[in-house]
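Just below is one structure, and these are the notes that go with it.
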Amino acid sequence: MQNAYSPQVIEKKWQAKWEKDKLYRSVIDHSQPKHYALTMLPYPSGDLHIGHWFSMTPPDARARFKRMQGFNVMFPMGFDAFGLPAENAAIKDGVHPMKRTFQNIERMRKQMRSMGAMFDWEREAVSADPEYYKWTEWFFIQLYKMGLAYRKMSAVDWCPHCNTTLAREQVWGEDRHCERCGTPVIKKNLEQWFFQATKYADELLNFDGLDWPQTVKTLQTNWIGRSEGASVIFKTAPSSPPPFSPKMGEEKGGGDDIEIFTTRPDTLWGATFMVFSPEHPLVEKVTSPEQKAAVEAYKMQAARQSDIEREAVDKEKTGVFTGGYAINPVNQAHIQIWIADYVLMSYGTGAIMAVPAHDERDFAFAKKYDLPIIPVIQPVGASHDSPLQAAYVGDGVMVNSAQFNGTKVNTEKGRKNPGISKVIDWLASQGIGKEAVNYRYRDWLISRQRYWGAPIPMIHCEKHGWNPVPEDQLPVLLPEDVEWKPTGESPLKLHPTWKNTICPICGEPAERETDTMDSFMCSSWYHLRYLSPHYDKGPFDPKEYDYWMPVDTYTGGIEHATMHLQYTRFFHKAMRDAGVTKGDEPMMQLRNQGMVLGEDNEKMSKSRGNVIAPDVLVNQYGADTVRAYLMFFARWGMGAPWDSQGIEGSARWIRRVWTLFTDRTPTGAASDETKKNLRRNVHQTLKRVTRDFENFEFNTIISSLMELLNDMYKAREAGAVGSSEWSEAQEIYLKMLAPVAPHIAEELWTNRLHKKYSIHQQSWPKVDEEAAKEDMLEIPVQVNGKVRDRVLVSAEADEEEIRSTALASEIVQKFLEGKEPKKVIVAQKRLVSVVV
RNA sequence: GCCGAAGUGGCGGAACUGGCAGACGCGCACGACUCAAACUCGUGUUCCUUCGGGAUUGAGGGUUCAAGUCCCUCCUUCGGCACCA
């Protein structure tokens with residue numbers, strides 16, 4: 001047996017043996033509590049990145065820890081294998097995405113095996129495998145049958161670089177760029193498939209029972225953007241200007257409903273004009289002949305501007321009077337209807353009532369175009385400046401509001417606001433409005449004009465419209481012989497025969513949908529495919545589902561907060577309602593890792609040349625050292641820049657572990673005190689390490705283990721070798737090390753301590769609280785808030801004893817200068833504070 | 001503008017419920033080993049200091065015997081949302 005530490009030898013050896021022995025195979029066992037640990041699956045980009053190691057190996061250590069604690073742990077891995085990069089590469093060099101993807105997967109599997117992670121490869125799932133995407137298609141059909149999948153023509157986001165539409169969640173930042181490639185998107189009017197996620201908006205806002213980071217919950221909550229208020233029906237007024245005539249109703253035109261949404265129904269009496277989005281369907285009808293030219297010109301100008309320009313916040317508000325009037329239903333006032341691009345067709349109803357006195361935007365608009373401003377909320381005990389200098393948005397009482405005058409209004413939203421609540425009830429009783437909730441949230445656009453995705457299993461027939469592919473004909477397979485051209489249409493559309501099929505209703509010739517699904521659809525349910533990746537009677541085996549689901553701990557990057565993490569919750573709830581899944585949530589606990597940055601403190605990228613390759617590190621240091629360093633070098637939840645020198649510290653530690661366990665050291669004769677201290681250190685460390693594993697605090701696990709190793713070296717110096725305390729320390733040390741550095745722990749356990757293979761099947765040691773207790777405590781003594789001395793007392797000492805010992809200290813006496821202390825505080829057994 | 005996260009030595013970071021700030025590691029310095037270097041081992045390492053101490057957790061206030069931790073005001077960095085009615 002070699003004495004030098006050679007990770008390259010022992011790591012390969014143990015990986016092979018563990019695999020041969022199926023050590024990490026997870027099977028249903030009702031005698032054990034289960035633990036489903038899941039980490040976000042990678043896209044097979046070709047090479048495993050250090051970021052993959054950072055997101056996978058600490059959770060692997062925790063899964064191993066859970067297993068040693070007696071849980072039946074499932075820790076699966078797979079590939080999110082559909083997606084644009086493979087297809088874009090195919091356009092460039094002609095290599096088929098399928099070939100490239102499966103080659104990349106092969107390579108990454110191999111790299112992943114070098115991690116020494118406890119992945120159960122028999123549960124592997126690959127989303128681009130027909131065995132998998134058959135069920136992605138099946139899920140689409142279930143959603144369709146529930147009425148949750150529908151087709152709609154609308155202005156959608158289009159990425160000109162990726163040549164496809166995108167979901168709203170996949171368009172980021174102020175410049176509205178594509179989440180994948182960074183190219184600013186444009187709007188296109190297209191008919192696309194959507195999932196009606198908005199139906200679940202309220203349920204998605206409820207995080208009860210979920211142990212998720214507050215930040216993710218907040219991001220999702222803001223994304224859904226629920227606001228409470230009222231919808232109110234205004235009417236268009238007759239076309240001529242409003243001469244005060246008793247026969248008004250007989251005049252021509254008018255009478256069309258204008259529905260608006262407002263969060264401030266309490267300010268309805270202050271609505272002095274209305275604003276329509278330029279695209280509003282009533283614009284043409286209300287526009288007077290005199291204003292027609294101006295309105296048309298404004299509409300043209302608005303249409304030419306990009307959304308980004310239109311939505312720029314600090315842009316000065318512009319608009320045009322339509323010449324038309326509306327009637328405010330609460331007071332019959334005739335008010336002008338304007339069009340302005342600050343009102344968006346995509347939110348609410350595309351029309352607003354404008355209350356300049358109490359809304360900053362409306363105020364600015366009214367000032368600019370000299371429209372009337374009528375205050376209807378008065379601060380309590382004060383009156384408004386006249387004229388109003390700015391919109392008043394604070395609390396107060398209603399004025400100029402007929403029977404509501406004097407009603408209190410606070411700054412709460414919705415029903416919590418007494419003024420709003422009363423007005424909503426009245427509107428409803430009058431039949432002119434009702435309580436309403438509006439969301440920023442949009443339905444999920446899932447059509448992609450690309451080849452490398454799961455086909456949308458729908459057929460279009462001239463006579464029978466859209467119908468799903470019969471389930472017994474699934475999967476709709478992707479054809480292999482396609483042309484790669486970035487045309488903006490799916491290559492499936494250009495394929496000579498693929499789209500030709502027959503209508504499932506009438507049997508006449510019909511066409512397949514040639515768009516494919518957003519790959520986030522594939523990843524919405526991968527955690528279910530792991531349950532039984534080869535099951536063919538359904539997407540998963542219900543027996544496996546009942547045992548393993550829900551996911552106990554889910555780990556991954558926070559960048560998916562409003563994408564994958566939100567989609568998968570929607571998916572789970574929809575499938576629950578379809579009777580496919582159970583429970584309300586798919587993943588109970590969520591933790592996010594941070595990002596490993598380059599040594600230059602920048603995001604790692606090939607173009608910056610700051611990429612750290614894990615393979616190189618594994619060759620140089622071994623996987624155990626890389627794992628340990630990744631757990632140690634940063635708070636896992638935060639991430640940090642990589643430090644090539646820093647890894648030397650972890651390498652040194654692992655080598656020192658090796659040395660301590662392999663050096664031949666003669667049996668010594670340590671003092672009882674040495675042995676007792678050793679035991680205490682061991683059990684105190686065990687306590688901390690157990691706690692930190694539970695809390696995903698990996699960096700302090702490693703520092704505790706480093707500290708204990710230093711203590712063990714000292715104990716060895718003091719002659720502890722040969723004692724039962726030494727043997728216990730060795731045993732516990734390796735068990736604590738096993739989740740972190742599984743190979744060296746196994747080697748030392750099996751071949752040096754000659755314990756029973758495998759260390760990974762041992763149970764987690766129990767803390768001996770007695771042994772962990774201190775005998776003597778060193779208590780700092782403060783005089784006027786400054787630590788002046790430290791006194792030793794027995795751990796059993798009571799408060800009085802601690803007090804008198806502290807006061808007896810010479811140094812403390814010196815600082816007292818003969819005076820009596822005003823106050824002496826004994827803070828538990830931690831500190832004595834003397835106040836003079 | 002709104003919401004959220006984070007600011008601690010040269011660097012990554014530690015500090016359980018308000019109770020010794022800087023654990024652990026990197027780096028650096030010195031020493032041992034060596035012909036020499038690397039490795040390894042040991043010692044030191046927040047700053048200032050008249051060696052008594054003093055200052056110190058982004059800045060400034062406050063609460064407290066005691067604040068990195070609690071409260072208020074502000075600054076910086078990062079992330080999200082944004083004319084959302």
Side-chain angles (χ1 to χ4, degrees), chain A residues 172-174 213-223 225-227 229 260-264 267 274-275 277 310-317 340-344 346-355 359-362 364-365 438-440 558-559 561-562 594-595 601 628-629 632-635 637-650 652-653 655-656 659 687-688 691-692 695 697 699-710 713 778-790 814 821-836:
Chain A
W172 286 15
E174 267 179 71
Q214 188 53 50
T215 47
V216 175
K217 293 192 277 188
T218 305
L219 287 170
Q220 292 198 352
T221 302
N222 292 346
W223 185 255
R226 180 190 159 97
S227 50
I260 58 115
F261 172 76
T262 177
T263 55
R264 294 295 305 274
T267 63
M274 295 193 85
V275 187
S277 158
R310 258 182 80 167
E311 288 173 13
V313 185
D314 37 6
K315 201 188 82 176
E316 192 174 351
K317 305 208 176 344
D341 64 7
Y342 79 91
V343 175
L344 309 173
S346 56
Y347 185 79
T349 60
I352 61 160
M353 66 166 190
V355 184
D359 181 282
E360 282 164 22
R361 293 155 301 169
D362 298 343
F365 196 81
N438 223 310
Y439 300 90
R440 218 180 63 84
I558 197 164
E559 67 275 12
T562 57
M595 210 191 294
N601 212 355
Y629 184 58
F632 180 64
F633 90 111
R635 292 127 125 170
M638 298 286 174
W642 185 260
D643 178 0
S644 292
Q645 277 182 318
I647 194 173
E648 293 289 345
S650 301
R652 220 165 274 157
W653 169 55
R655 277 198 299 269
R656 272 166 61 81
T659 305
K687 211 171 161 176
R688 281 203 302 272
R691 183 195 67 200
D692 292 349
N695 298 333
E697 284 163 2
N699 56 341
T700 46
I701 292 171
I702 309 299
S703 29
S704 296
L705 290 176
M706 286 174 168
E707 252 177 304
L708 180 58
L709 188 73
N710 294 342
Y713 265 94
E778 198 189 63
I779 309 245
V781 186
Q782 295 184 339
V783 180
N784 287 342
K786 288 212 162 63
V787 178
R788 297 300 181 180
D789 196 15
R790 293 178 172 82
K814 196 189 100 196
K822 256 191 226 149
K823 212 172 176 186
V824 180
I825 294 143
V826 181
Q828 291 112 35
K829 287 181 180 180
R830 296 228 186 97
L831 177 137
V832 177
S833 182
V834 180
V835 188
V836 188

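So you know, we letter chains A, B, ... as the sequences are listed, proteins then strands, and number each from 1.
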Which whole number of Å gives the distance between the [atom1] atom of [N] and that of [M]?
N     : M     : atom1 : value
B:G25 : B:G42 : P     : 11 Å
B:A59 : B:G27 : C1'   : 29 Å
B:G62 : B:G13 : P     : 32 Å
B:C65 : B:G60 : P     : 23 Å
B:A82 : B:C3  : C1'   : 11 Å

Base, sugar-phosphate, or nothing for [X], non-hydrogen atoms under 4.0 angstrom?
X      : value
A:N710 : sugar-phosphate
A:G646 : sugar-phosphate
A:A827 : base
A:K786 : sugar-phosphate
A:W223 : sugar-phosphate

(request) Starting from the 5' end of RNA chain B, give me the residue, A:V787 or A:I647, whose nearest nucleotide shows up first. (result)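 Checking each residue's closest nucleotide, the 5'-ward one belongs to A:V787.
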
(request) Between A:S703 and A:R656, name the one whose nearest nucleotide on RNA chain B is closer to the 5' end. (result)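 Comparing both residues, the 5'-ward one is A:S703.
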
(message) Measuring from the side chain of A:S227 (C-beta onward, heavy atoms only), which nucleotide among B:A85, B:C20, B:A82 has the closest atom?
(response)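 Nearest to the side chain of A:S227 among the choices is B:A85.
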
(request) Among B:C24, B:G19, B:U40, find the nucleotide with the atom closest to the side chain of A:R652. (result)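 Of all the options, the side chain of A:R652 is nearest to B:U40.
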
(request) Starting from P on B:A82, measure out to CZ on A:R361 and report it in whole angstrom. (result)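 Atom CZ in A:R361 sits about 14 Å away from atom P in B:A82.
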
(message) So, does A:R688 get its side chain near the phosphate of B:C16, meaning an N or O under 4.0 Å from OP1 or OP2?
(response)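 A:R688 to B:C16 OP1/OP2: no side-chain N or O under 4.0 Å.
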
